[in-house]
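Take a look at the structure below.
Heavy-atom basis, side chains included; hydrogens, waters and symmetry copies ignored.
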Amino acid sequence: MSKNIYVSAMDRLTVGEERKERLIGDLIALSKTSAPAKTMQQSNKSHRVWKKGWAALPIAAVAVFCAIFLPLMLRDNTHPDNGKQGLSAGFSISTSDPIPGVFCAYKTDTNEFEINDVKISYFYGTHKRLEDFGEYEQGADVVLRISFYNDENQEYFVKDIINEFFTDKYSIEYINAGTEVGFSYSEKLTIPASMFTAAKGFINFVIFEYIVWKDGREPERQEGNGIKVYYQLDGNLVKLSKNPIV
């Protein structure tokens with residue numbers, strides 16, 4: 001009796017172990033098939049989401065770029081409506097143009113001034129020397145006259161430079177492979193409020209070279225040069241530009 005019970009119990013144990021092994025085997029097989037499929041589905045879904053987001057990214061980036069940077073790229077910093085921008089003009093030269101005897105340029109720290117305080121740094125000079133005027137050396141002086149002119153041809157006299165203009169103090173040099181001119185001399189000048197006679201116009205900084213005879217003969221005007229700055233009035237505010245204001 002006890003033997004049969006023992007055998008029966010052993011049989012059940014064996015059967016139970018076999019079922020347990022089959023169950024474990026089935027689970028292992030299931031994990032090798034269904035789990036990767038699920039992972040692949042998740043991967044494909046993630047890839048689609050990532051791909052969709054990546055495709056939208058350039059559009060968003062271009063929109064942000066256009067909104068922020070395009071107006072800055074198209075902005076004309078010399079126009080008076082574009083805020084307080086420093087101006088610079090006259091320093092670049094073209095090798096195809098005739099070389100002038102007198103060079104002039106200007107710079108400002110801003111393009112907005114009170115009408116009674118329009119100050120511009122002017123640079124001017126020459127490559128010539130006084131000995132270039134040998135025929136006048138004994139009987140005449142070489143005078144450089146500096147003036148402002150407005151668009152109504154009104155003149156405001158600044159000063160005369162007699163003979164000294166052709167010294168090292170006012171010398172110039174060609175820099176950056178001859179595409180720019182470097183000046184030895186500059187000074188800050190105030191443009192009188194009386195020269196701003198219109199709502200829009202220009203102020204011309206002009207240097208003329210004269211031969212002034214010591215025997216009283218009429219002076220002879222030689223070559224000269226000038227550079228314009230354009231302006232627009234807004235009450236007592238003067239807004240400057242390198243270019244004509246329309």
Audit row: D168, R129, salt bridge (charged side-chain N to carboxylate O under 4.0 Å, His left out) steps and yes/no = CA-CA 9 Å; D168 290 341; R129 290 295 179 264; 3.1 Å; yes
Residues M195, E152; criterion side chain to side chain contact (heavy atoms under 4.5 Å, CB included); working and verdict | CA-CA 9 Å; M195 297 297 286; E152 296 180 3; over 6 Å; no
Applying side chain to side chain contact (heavy atoms under 4.5 Å, CB included), run through E173 and V181 and close with a yes or a no.
-> CA-CA 6 Å; E173 62 177 338; V181 58; over 6 Å; no
List the steps, then state whether side chain to side chain contact (heavy atoms under 4.5 Å, CB included) holds for K214 with D141.
-> CA-CA 7 Å; K214 295 178 182 180; D141 291 317; 3.6 Å; yes
Applying side chain to side chain donor-acceptor pair (under 3.5 Å), run through S147 and E155 and close with a yes or a no.
-> CA-CA 6 Å; S147 298; E155 180 186 6; 2.7 Å; yes
Where do E114 and K119 land on the salt bridge (charged side-chain N to carboxylate O under 4.0 Å, His left out) test, with the steps shown first?
-> CA-CA 10 Å; E114 293 295 325; K119 291 183 170 65; over 6 Å; no
Going through the distances and angles, do W213 and E220 end up as a side chain to side chain donor-acceptor pair (under 3.5 Å)?
-> CA-CA 8 Å; W213 297 101; E220 297 179 13; 3.3 Å; yes
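Taking the side chain as every heavy atom from C-beta outward, K188 and K107 never approach each other to under 4.5 Å. Taking the side chain as every heavy atom from C-beta outward, I203 and Y149 never approach each other to under 4.5 Å. Residues V142 and E209 are in side-chain contact: their nearest non-hydrogen atoms beyond the backbone lie under 4.5 Å apart. The shortest side-chain heavy-atom distance between F202 and L240 does not fall under the 4.5 Å cut-off. Between I115 and L237 the shortest side-chain heavy-atom distance does not fall below 4.5 Å. Inter-residue side-chain proximity for V102 and L144 is flagged as met; some heavy-atom pair is nearer than 4.5 Å. Residues I146 and V206 are not in side-chain contact: their nearest non-hydrogen atoms beyond the backbone lie 4.5 Å or more apart.
Within the model, atoms NZ of K242 and CD of Q85 stand 11.0 Å from one another, a figure rounded to the nearest 0.5 Å. Atom CD in E112 sits 10.0 Å away from atom CD in Q232 (nearest 0.5 Å). Separating the CD1 atom in I211 from the CD atom in Q222 is a distance of 4.5 Å, to the nearest 0.5 Å. Note that OH of Y156 and OG1 of T190 are 8.5 Å apart. Values are rounded to the nearest 0.5 Å. Annotation: the span from I120 atom CD1 to I191 atom CD1 amounts to 3.5 Å, rounded to 0.5 Å. Distance check, rounded to the nearest 0.5 Å: CZ of R145 to CG of D160 gives 4.0 Å.
Side-chain rings of Y185 and Y124 approach one another, their centers coming within less than 6.0 Å.
Panel note: side chain H127, backbone P100; a donor-acceptor pair is recorded below 3.5 Å. Here the side chain of S121 pairs no donor or acceptor atom with the backbone of T108 at under 3.5 angstrom. Not one N or O on the side chain of N176 forms a donor-acceptor pair closer than 3.5 Å with the backbone of E180.
The heavy-atom pair separating T126 from F166 by the smallest distance is CG2-CD2, 3.9 Å.
If you chain together hydrophobic residues whose side chains sit under 4.5 Å apart, F183 and I175 never meet in one group. Following chains of ILVMFWY side-chain contacts shorter than 4.5 Å, one cannot reach V158 starting from I162, and the two form parts of different hydrophobic clusters. Hydrophobic clustering places L233 together with V118 (ILVMFWY residues linked when any side-chain heavy atoms are closer than 4.5 Å, directly or through intermediates). When the side chains of ILVMFWY residues are joined at heavy-atom separations under 4.5 Å, either directly or via intervening members, F165 and I172 end up in two distinct hydrophobic clusters. One hydrophobic cluster, built from ILVMFWY side chains closer than 4.5 Å, holds both I227 and L189.
When the ring-ring contact (aromatic ring centres under 6.0 Å, His included) test is applied to Y122, the partners found at least two apart in sequence or on another chain are F148, F205.
There is a side-chain donor-acceptor pair under 3.5 Å between S184 and S171.
Environment of CG in N163: crowded, with over 12 heavy atoms of neighbouring residues, nucleotides or ligands closer than 6.0 Å.
Applying ring pair (Phe, Tyr, Trp, His ring centres under 6.0 Å) to F123 and the options F91, F103, Y170, Y106 leaves one that passes, F91.
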